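Each remark here refers to the structure printed beneath this line.
Bear in mind the structure is a predicted one, so any value in this text is a computation, not a measurement.
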Amino acid sequence: MKHEDSSWCCYQLSLYRSPTNRVGVCKQEMLQKKNAVLVDGVILNGPIMDSKAGEKFVEDACKIIMEEVVQKADDITEKVCEWQAPEKLKQILDLEMRDTGECDQKVLQLCRDVIKYSVKTNHPRFFNQLYAGIDYYSLVARFITEALNPSVYTYEVSPVFLLVEEAVIKKMIEFIGWEEGDGIFNPGGSVSNMYAMNLARYKFCPEIKEKGLSGLPRLVLFASEECHYSMKKAASFLGIGTENVYFIKTDERGKMIPEELEKQVQRARKEGSAPFLVCATAGTTVLGAFDPLDKIADICEKHGLWFHVDASWGGSALISRKHRRLLHGIHRADSVAWNPHKMLLAGIQCCALLVKDNTGLLKKCYSAEAAYLFQQDKFYNVSYDTGDKSIQCSRRPDAFKFWLMWKALGTVGLEERVNRALALARYLVEEIKKREGFQLLLEPEYANVCFWYIPPSLRKMEDGPEFWQKLHQVAPIIKERMMKKGSMMLGYQPHWGKVNFFRQVVISPQVSREDMDFLLDEIELLAKDL
Amino acid sequence: MAEPSGAGCSIPLDDPGLDIAAGEEFLQEVFQILLEEGVRKSTDVTQKVCDWKEPQELRELLDLELRSDGEGREQLLQRCRDVLRFSVRTGHPRFFNQLFSGLDHHALAGRFLTETLNTSPYTYEVAPVLVLMEEQVLAKLRELVGWSSGDGIFAPGGSISNMLAMNVARFRRFPESRSRGNWDLPRLGLFASQESHYSILKGAALLGIGTDNVHLVRTDKRGKMIPEELEKEIQRVKAEGSEPLFVCATSGTTVLGAFDPLNAIADICARHGLWLHVDAAWGGSALLSPQLRHLLAGIHRADSVTWNPHKLLMVGLQCSAFLLRDSSGLLQRCHGVGASYLFQRDKFYDVSLDTGDKSPQCGRRADGLKLWILWKAVGSRGLAQRVERAFSASRYLLEQVKRREGFQLVMEPEFINLCFWFIPPSLRGQESYPEFWDKLGKVAPAIKERMIRRGSMMVGYQPHGSHVNFFRHIITNPAVTRHDLDFFLDEIQELGWDL
C-alpha cells in the first residue's frame, strides 16, 4: 500500500470532504476519484474514518452493553462469572492483534465475548471487593466523559469539569468538617495516600523537593498494622523505605491503640530518626475497623506530626448522620483520602485527596510550571488551571460522575445507600450468629463481615493446630467451587495468624435480604462434603 | 414483604434499594442525547469547538451545588445537555490544542464497555478477560519496540509511566533502598534533555531524588539531545561525587516533537552502566509505521519505554503503557508487597496472572481493552495508516506555512508538531527593531483568546527557551482534512489581521 511518491507536487485543489467514505475503501478506488489530494502517498481530501459507520457501531455496541450488562445486572438467575482457565480463555477470546482489521460484525462479537467471560461486578451477588453494583447516573456521566474525552488540567480545555471538581471537593470538605481546604481527584486511593505522604514530607522539609533525601535524617511514619498496603508501596516509591513505616499495634477489633502510637513516636525520636506523619485508617480493608481519630489527633498535635486519615473505604459513612460518628475527630486531620467509588458506587475510579491547608501547599509541593500548558498570559484567571497540583499531566474528570450521581440522589439518597448497606451487614451478622457452623471473627463496626465456615466434618474436632490447619483449607475450596459454579463471589484471606476466613462486603443497593440468605445457604451447600 | 428485615432496623431490605427500571430508562435517554450531542456533533465541522463562558458565569449556568434532595429526570437530562454543550469538543476536527484529539468509534465502544464492566485488572479472579488482554496488548507493543520478551503495565498517564521507570531503575541499582529508603544513598543523578517532559522533574521530586538532581542536557537547534553533552554532564556529575543512575531520552518532545538520537545515547548508557528510559509517550506510535519508525532507531536498546496510545492512536484518555525489557520479574520485586487479602497464594489458578502487585496502584482502570478493540477493528495496518496520515497532513500544513506571507516557522519539524509564528501586517518588516519580539510575543495569546471566544478552533501556544510565544499545531485526528488545515491558516490570518 505504501506509495513511493513523497514529493509535494501532487496537491490538487479540492475542498471535497467525503461524507460517505467507507471504511476499507482502498486507495486505488480513492485515487480514481477526481481531485485526490496526495501527500506522501496519503490522500488528504476526506477523512479516512467513516463517521456514519462508526456511529452505527457505537449504537450497536451500546445495545449489546445495555442488554448484556446493564439489564442483566439485577438478574440473579444470571451467573456472576463464567469461569474459564486462562489457557482456555485465551483461545476462546482470540486475543491476537493482526495486521488487518476485522469487520464490525466480528468486533461486536468480540465485545459480546468480553462481556460473557468478564466477572459481573454489578451482579447482586458479587461481594468480592470493596466495590460492587451499578449506579445509572454515575454510568451516564461516565459515558459522557468518554465521549467528550477531556483532561482536567486547564480551564481552557476542561471548563465544566474543573468547576465540577471544585464544587465536589468543596462539598466533601464540608462533610469532613473543615471550613475550607483544597483537594484533587486521583487514580486510586493508593495514589491519594502517596500524595498525602509526599505533602506531609514537603511540609516537614520543603527542600526535599529540590535536594532529595540523600544525606537527610531517616524519615519515619506511623500507621496501624491493619492499614492498607499502599502505605508500604508509597514509602518505597517516595524513597522513604518500607522499614520506616512503623506499624502500630491494634486492639482486638483492629483499631490502632493510641498508647502504642505514643510509644513508637518516642522510640523513633530516641533512634534519632525524624517522625513526620501518622496515617490513621477509617475503615480498614479487611476488618472494616476505624482508628480512634480524636486520640490520634492529640498525639499528632503534641508531636507536631502531619495527620492523614485513609478513609478510602470508610469515608462514605460521613454522609450518614447515623454512622458518621465512626469517624469522630476526622475534622482534625491535615489530609483525608476518600473513595466514592467504593461504598457510594461512583464507578472505578473516583478517589479524592482532601487537604485542610488552603495556602496552596498542594500546588507548591507538586508544581513544575510547564510553560507549554500553564501559560501565565492567558486571557482568563489562570488560578483555574489546577492541573499543576497533580503528579499527573493528563488526568480524568473523576469528580463528574460523583457530581451527577449526587445531583440525582441528593445527600439524602446517598445517605440511604450507606444506611442500607450497613443494615444489610447487620442482618447478615445476626443470621451468622444463628446458624450452626458459621463463626464470626469479630463483631463488625462497618460493612465488612468476617467469618469462618466450619464444615460438618470439623465441627466435632478439638480446638488445636490440626483444626485450624484444616479450617485454613476450607475457604479456598469453597471459593473455587463458587467461581466454577458462578453463583456468587466473595473474598477470603488469612490475617495476622488467623487462618483463611471469608470477608463479606455489602455495598450495592441492588442487594436484598434474600441475597444475604442465599450467601449463607450457598456456602453450606458448597461445603457440605468438606 | 412487610415483616421486619434487619435486626431492629427500619430499613426495608427485601427489595432493591434503587429503581432499576427508571435507571435503565434514564441511561437509554441520555444515550440518545449523547450520540447526537456528544458523538455526532463533536465530530461535525460545522459545530463550534467550544462555547466559551467565564468561570463565574459558567458556574451559575451549571448550578453546581450539591443539595440534600435529588433532582427529577427532566432536570438531570438538562444537566447532561449542559455539560455536553459547555465542554470543549476535543473530538472536533479543528481541535489542535493538545497531543490528543479526535474520536474513534471503536475505541469509544471499548471505553463504554470498560465503564460498564467496572472492575480493576489486579487479579485474574475479578478481571479474567481484561488481565489476559492487557498481557496481549503489552506484548504487542513490546514487539513493536523490538523486544521478544519483557514486562509492563498500564499506568494512569505518561507522567506516572515515567516515574515507574525511575523507580525501577533505582531499585535495580539499589535493591535495599526499597526497604531502607534513600537517606543513606549517595546523591543520584538523572539525565534528560532540556526538551524533556516536566514529569521527569515531578518524578524526581516525588521519589525523593530531588529536582536539583535532574540534569537537563543541552539540545541541538532541532531540540534533540546532544550525546556529547550527555557524556560531559555524566562526567561532571560523577566528579561532583554523585551517582549517575538514569537517562531519559525523549522520542517526540512535547513542544517541538524532537526525537533524541537513541543509538548514540544507548552507547553512552552502556558505557556508564546507566538505565536507559525512552519517553515515547508521544512519538511511540510512529513505531507502527514502516515509513516513520526510523525516528526511533535504537529504541530496542532501552531498558524501559513509555508509550501513550491515547495520543496519536486516539484511544481515549487514558491509555499509557509502561514497557520493560526485563523479564526476570523486576517490576514485581520493585513494587510488589503481596497483600494477603488480594493476592492470596492458595488460589486455585496460576496466581502469576494476578499482575496488580506490579503497580504502585491498587485499584486500576482497565485501559488495555479500548486499545485492543480498536486494534482488532483496524489492524496494525489501519493504525499505521492513521499515523502516516497525521504526518502527511502536518507536511501539507508545513508547506502552506512556508508559502503564506506572515507565517514563520520556528524550525523545520521532524514530526507532527508544527511550530510557527504569525506575524500580523503591522509587524511585518520590523524584525530588526528591538521591540519586535516583545510585540510578537503578545500576538499568539491575543489570537488564542479570539479563537476561543469565537469557538472556531483551538490550538496551543507557548514561549519556549528564548523564543517568544508561538503556535504549536498538532494533528492526531484522521477526520482532519486539507480543508480544515486551510481553514486553520485562514482563520489565524483573519483573527490576527488587525493586531
Side-chain angles (χ1 to χ4, degrees), chain A residues 39-40 42 44 47-48 54 58 61 69 95 97 99-101 107 117-118 121 136 140 142 146-149 160 167 171 187-188 190 209-214 218 229 232-233 236 239-243 368 370 372 377 379 392-393 406 409-411 413 420 423 427 430 476 480 493 509-510 513, chain B residues 5-7 9 11 13 16-18 23 30 38 64 66 68-70 87 90 105 109 111 115-116 119 129 136 140 156-157 159 178-183 187 198 201 205 208-210 212 337 339 341 346 348 360-363 375 377-382 389 392 396 445 449 462 478-479 482:
Chain A
V39 180
D40 274 359
V42 177
L44 290 182
I48 55 169
V58 173
V69 194
L95 288 165
M97 296 140 85
D99 283 350
T100 48
V107 181
Y117 296 103
S118 283
T121 66
Y136 302 99
V140 157
R142 297 160 78 186
E146 295 305 326
L148 287 172
N149 199 36
V160 172
K171 193 72 181 174
S190 295
K209 182 176 176 182
E210 288 90 32
K211 305 274 176 228
L213 293 165
S214 175
R218 187 165 59 93
Y229 71 87
K232 271 176 125 173
K233 288 211 173 193
S236 77
I240 291 167
T242 52
E243 64 185 41
Y372 79 91
D377 52 4
F379 66 95
Q392 297 181 275
C393 179
W406 201 322
L409 301 174
T411 311
R420 181 190 166 88
Y427 172 78
E430 296 310 317
E480 174 172 359
Q493 61 280 300
Q510 275 165 339
R513 198 179 59 135
Chain B
S5 343
C9 95
I11 298 170
L13 300 179
L18 78 173
V30 176
L64 291 164
L66 298 162
S68 288
D69 294 312
S87 287
T90 65
H105 298 95
R111 297 162 74 186
E115 294 300 326
T116 322
T119 199
V129 173
Q136 178 76 26
K140 189 73 185 178
S159 294
R178 187 189 119 115
S179 57
R180 286 184 56 79
N182 277 199
W183 58 281
R187 214 149 71 102
Y198 69 90
L201 288 169
I209 292 170
D212 286 355
V337 300
Y341 80 89
D346 52 4
F348 66 97
Q361 298 180 271
C362 177
W375 210 307
V378 304
S380 311
R381 213 170 285 158
R389 181 185 168 94
S392 304
Y396 171 77
E449 173 171 2
Q462 62 281 301
R482 201 188 55 130

Distance from A/Thr242 atom OG1 to A/Lys232 atom NZ, nearest 0.5 Å?
6.0 Å

Taking every heavy-atom pair that is under 4.5 Å apart, which of A/Gln493, A/Lys171, A/Arg142 has the most such pairs with chain B?
A/Arg142

Residue, of A/Ala370, A/Ala61, A/Cys393, that accumulates the most heavy atom pairs under 4.5 Å with chain B:
A/Cys393

Counting heavy-atom pairs under 4.5 angstrom with chain B, the leader among A/Val69, A/Ile240, A/Val160, A/Thr100 is A/Val160

Point-to-point distance, once rounded to the nearest 0.5 Å, from CD of A/Glu480 to CZ of B/Phe348
5.0 Å

In terms of heavy-atom pairs under 4.5 Å with chain A, which of B/Gly38, B/Gly363, B/Gly70 leads?
B/Gly70

With side chains defined as the heavy atoms from C-beta onward, is the minimum distance between A/Leu95 and B/Lys140 less than 4.5 Å?
no

Side chains of A/Lys233 and B/Cys362, heavy atoms from C-beta outward: is any pair under 4.5 Å?
no

What part of B/Leu18 gets closer than 4.5 Å to chain A, counting heavy atoms only: side chain, backbone, both or neither?
both

Atom group of A/Leu409 that falls short of 4.5 Å from chain B, counting heavy atoms
backbone

By a 4.5 Å heavy-atom criterion (distance strictly below it), what part of B/Val378 contacts chain A: side chain, backbone, both, or neither?
backbone

Who wins among B/Pro16, B/Gly181, B/Ala205, B/Ser179 for the most heavy-atom pairs under 4.5 Å with chain A?
B/Ser179

With rounding to the nearest 0.5 angstrom, report the CD1 to CZ distance, B/Ile11 to A/Arg513.
14.0 Å

Minimum heavy-atom distance between B/Asp346 and A/Pro476, given as atom pair plus value:
OD2-CG, 3.6 Å

In Å and rounded to the nearest 0.5 Å, what is the CG to CZ distance from A/Leu213 to A/Arg218?
13.0 Å

Ranked by heavy-atom pairs below 4.5 Å to chain B, first place among A/Asp99, A/Leu148, A/Val140 goes to A/Asp99

